[in-house]
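Written below as structure tokens is the structure these notes are about.
Residues: numbered from 1 along the sequence shown. Everything numeric here is computed off the predicted structure, so don't read it as measured data.
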Amino acid sequence: MNRPGTAGLLVLGAFAIVFAVEFNTLLGMFGIDIAPSVYFPAIGTILAVVFGGLLLLPKNQDAASVSA
């Protein structure tokens, strides 16, 4: 898997932020109340790890280096 470009990372980041806020709302609808002082640092750490992992992917992968 190739690393997404700068624009791709920005789009993923925008959707991830919206997902984080709406997921907190969804949990509240189901009666699971997590304090914002706990939830947002935790989800921020998770998003940072995911985006850090995406940045560690190789930039380009040669088709010849893939073996069947």
Side-chain angles (χ1 to χ4, degrees):
M1 181 174 164
N2 291 337
R3 181 175 68 187
T6 306
L9 285 175
L10 287 174
V11 170
L12 285 173
F15 280 110
I17 290 169
V18 172
F19 172 78
V21 172
E22 294 300 326
F23 188 67
N24 190 21
T25 305
L26 184 68
L27 288 174
M29 286 173 45
F30 287 119
I32 302 170
D33 191 23
I34 301 174
S37 62
V38 174
Y39 176 76
F40 288 112
I43 200 76
T45 303
I46 291 169
L47 289 177
V49 168
V50 168
F51 280 98
L54 285 174
L55 288 174
L56 290 176
L57 288 173
K59 190 162 188 161
N60 290 326
Q61 186 176 16
D62 295 335
S65 65
V66 176
S67 60

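- Looking at every heavy atom in both residues, Pro41 comes nearest to Pro36 through CD-O, 3.6 Å.
- Note on Val50: it does not cluster hydrophobically with Val18, by side-chain heavy-atom contacts below 4.5 Å among ILVMFWY residues.
- Note: Thr6 OG1 to Leu9 CG = 6.5 Å, rounded to the nearest 0.5 Å.
- Interatomic distance, CD1 of Ile43 versus CD1 of Ile17, reported as 11.5 Å (0.5 Å rounding).
- Residue Phe19 is grouped with residue Phe30 when hydrophobic side chains (ILVMFWY) are merged at heavy-atom distances under 4.5 angstrom, including chains of intermediate members.
- Both Val38 and Leu26 are members of a single hydrophobic cluster when ILVMFWY side chains are connected at heavy-atom separations under 4.5 Å.
- The distance from the CG atom of Leu54 to the CG atom of Leu12 is 7.0 Å, given to the nearest 0.5 Å.
- Cluster annotation: Phe23 and Ile32 are assigned to the same hydrophobic cluster (Ile/Leu/Val/Met/Phe/Trp/Tyr, side-chain heavy-atom contacts under 4.5 Å, transitive).
- Between the CG atom of Leu56 and the CZ atom of Phe51 there is a distance of 13.5 Å, given to the nearest 0.5 Å.
- One distance of note links CG of Asn24 with CZ of Phe40; it measures 4.5 Å at 0.5 Å rounding.
- For the pair Tyr39 (side chain) and Ala20 (backbone), a donor-acceptor distance under 3.5 Å is present.
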